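Just below is one structure, and these are the notes that go with it.
This structure is a prediction, so every number in the text was calculated from the model and none was measured.
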Amino acid sequence: MTSSTELRQEADRHAPKKQFWAMFVRPEIGPIGVMILLFGMLGYFSIPAAESTWNPFAGEGFNALGIRNNLRVISQLGIIALGAGLLIIAGEFDLSIGSMIGFAGACMAMILRWGFAVLIPYISFDGGVHVEYFTIFSVDHVTPVWAIFITMCFTLTFGWIQGFIVVRSGLPSFIVTLGGLFFLRGLTEVSLRAFNHRPDQSAGSTTVTEIPDLKNIIDLQGHGELSRLDAKSLPEADLVNLTQSLSTDMVATLTERLAYTYNRVAEAKTAIMETKGVKPLEKALENAVQSGNDYMVNTIQDKIANFSVDPVVPKTVSDVDVARAYIDTIPTVNQVANFFGGNILEGLFDWLYYPIDWNTNNFGNQFAPGLYSCVMIWLILSIFCYIVLSRTQAGNWIYSTGGNLSAAQANGVPTNKVKISLFVFSAFCATIFAACQVFEVNTSDAAKGNLKELEAIAAAVIGGLVMTGGFGTVLGIIVGAFIFGLAREAFFYIPGIDGSFYRVFLGLVIIASALLNENIRKRIMGNI
Amino acid sequence: MAQSGSIPLIKTSNLVKKFGSFTALNGVNLEIHPGEVHALLGDNGAGKSTLIKILSGVFPATSGEIEIEGKPIHFASPRDASDAGIGTVYQDLALNALTSVTRNFFLGREITSFNSPFGLMKMREMDRIASEEMAKIGISITDPEQAVGTMSGGQRQTLAIARAIYFGAKVLILDEPTSALGQKQQMEVLKTIKRVQKLGDIAIILITHNEIHARLIADRFTFLSLGEVIGSGTAEDLAGDDIKTLMAGGAEIGDLAKELETV
């Protein structure tokens, strides 16, 4: 018989982490790999057909406008994925996110368009039985802050109710929020039709339009508050006056910038005309070479070599132009509307146009004005969620509520409060999403946010969350949103392929990630 | 070792618990002294679980009294019992296998700045305390960030015991701590209990089915059968055969081998 009596302690069986290796056994490593792959795909597939290069950053997916648009898709999804993800970590689902987006958007848009009033209906018997309304109070013009605040009151209350029903009844949250999904979507459509009557319509439309472009309203001296567009189309005499009232430094800066733009546009025009002129000659040369006519070949080659167009003369900078450029620099009076629907990093993108000349489109104009501000909101929310989940007591409560509910309760964790708060937070994220949309496009539609709840859950699963709860990180949720958004954009650029293939790809990624996550979870749980 | 005559940490007199017409406990008297391992033995349905659930505040007794250090006390909730210094380690241990040792050690009682749920947890301090407290009763963990799911059953038991002691348990109720463990890990747990006993100021109520384990570490025995105490005494009072008989609720268990032969 052989035996080893060497004393091993239980603790020895757990090898200490190796710093370098630890980086690769993080649960997010798989998703991060997929994300890098998709970055590459987006770059390569979006390289224009005429160019041949191995640099993925030459692709249209990574030019200024590409970055702006891609990040918008990713960050909007990212915002709701945070709400859905934290709830999944606590062991519950929210299927009402999409309908909540539609409801919040419609609510906000209606308040901005028609104001807000609290009415009490009662039955009146004067002149036949009918319903009349007693108005408690009514406001016609609601500021963006109040519109968001009132909407939040509705949506957060609804989130709270869903959470309350789940913890009190013990029903699966899947069922309760499925009810919420239909209830809210229906309520949105019904109230939009009820409030949105036009004189020529029997039933109202389910869209709200004609909301003023709040984020672009400025306070122009001598003209009061008006939109930038109206300000730019003031009579020319007014605009000239405006320029003359500016400091010489300001005028000099604006003029320099405008002169650069006009020069750049003229250059681009010249270049376009040259290519346009040479193209037919090149075609003719090809034909000539094919037919073997040496004389023609020589003549055409000569013509191509000597081809030139007169360079386009740049526009001169007038006082009116300076005034219009100045109007673009005046800050908005609606900072809140701008916070949700405006642009960020405008200074950086200006600099990338002049003097860097990277943020320039084919016609010589500035390409992207900046990034959508939902990117910044996503960043703020992500940092908040990361700190709460990984560093605070509340985070430990969230993990334990999803990981082992009875253990959490036995240790005095208020698991019901944790769950209800996260249902409320999920509603909060949906409302923020809606605010970003409403203030960006100034319209709302009852169909907004359709299927978003499933996209949010998909992003969370791809990012390494386990459906049974208790496992996952904020970094994972962020990466999941990136993968979802990048896949959608990258497949769009693949030549000769139906853009909807991105769904096929995502379907496979979701199943693969779920398998991988389950595997990681089992390793950590010791195969329980 | 407890001195006879000193005030017991817990004393129950005439505890009765009825569930409707069913009498689960019928007048149980028990004295638990500091520094002592008190084995609570009995067959299934003897009333062990009912007794510890009353002691840990899960439900109140129908009649009878509980005294802690001589003062009568009434538990309205498990929280009350734990505030009074009764720490119960249930069989499921109340651990979240997916998170780290430290996060489990401080679950529900995290050390945070500003004393708010949204205050940052003082992870280093918590890591240090968790490691120290577990080392005190004999297990050194290399990495306090290790997930509990990767630990052995014995280590988990130790974690749960260390946690109960650190958060002020004067009486530790261990509900079948050695069941569902392998030989070696049973030994680990018994060693842990011995170390806690040596600390001197903590009383341990050990519920077990395993008379060998009880005989190895218990100082005092109480046998329950059908809701009543049918025997008690110190380790010296009881001869080995008595224990076996009493555990079966007084019924004569003959030689197991002989009995099996007749089948």
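Neither the backbone nor the side chain of Ser82(B) comes within less than 4.5 Å of any heavy atom of chain A. The contact between Leu107(B) and chain A is made by backbone and side chain atoms together, counting heavy-atom distances below 4.5 Å. Residue contact with chain A, scored on non-hydrogen atoms closer than 4.5 Å, involves the backbone and the side chain of Arg103(B) alike. In this structure, the portion of Ser406(A) lying under 4.5 Å from any heavy atom of chain B is its side chain and not its backbone.
Within a 6.0 Å radius of NZ in Lys17(B), more than 12 heavy atoms belonging to other residues, nucleotides or ligands are found. Surrounding CZ of Arg195(B) are more than 12 heavy atoms belonging to other residues, nucleotides or ligands, all under 6.0 Å away. Within 6.0 Å of CZ in Phe19(B) there are more than 12 heavy atoms belonging to other residues, nucleotides or ligands. Around atom CZ of Phe59(B), more than 12 heavy atoms belonging to other residues, nucleotides or ligands sit under 6.0 Å away.
Shown here for Ala94(B) and Ala407(A), the closest heavy-atom pair between the two residues is C-CB, 3.3 Å. Considering all non-hydrogen atoms of both residues, Thr392(A) and Phe118(B) come closest at CG2-O, 3.6 Å.
With chain B as partner, the option from Gly412(A), Ala394(A), Gly395(A) having the largest number of non-hydrogen pairs under 4.5 angstrom is Ala394(A). When the candidates Gly108(B), Gly154(B), Pro117(B) are compared by the number of heavy-atom contacts under 4.5 Å with chain A, Pro117(B) comes out ahead.
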Please assess Trp397(A) against Glu110(B) for the test side chain to side chain contact (heavy atoms under 4.5 Å, CB included), listing each intermediate value before the final yes or no. CA-CA 10 Å; Trp397(A) 290 357; Glu110(B) 295 85 350; 3.2 Å; yes
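Taken from CG in Asn411(A) to CZ in Arg163(B), the straight-line distance is 4.0 Å, to the nearest 0.5 Å. The distance from the CG atom of Asn104(B) to the CG atom of Asn396(A) is 7.5 Å, given to the nearest 0.5 Å. Separation of atoms CG (Leu120(B)) and CD (Gln393(A)) is listed at 11.5 Å; rounding is to 0.5 Å. We find the CD1-OG1 distance between Ile398(A) and Thr99(B) to be 13.0 Å, quoted to the nearest 0.5 Å. Rounding to the nearest 0.5 Å places CG of Asp92(B) at 7.0 Å from CG of Asn404(A).
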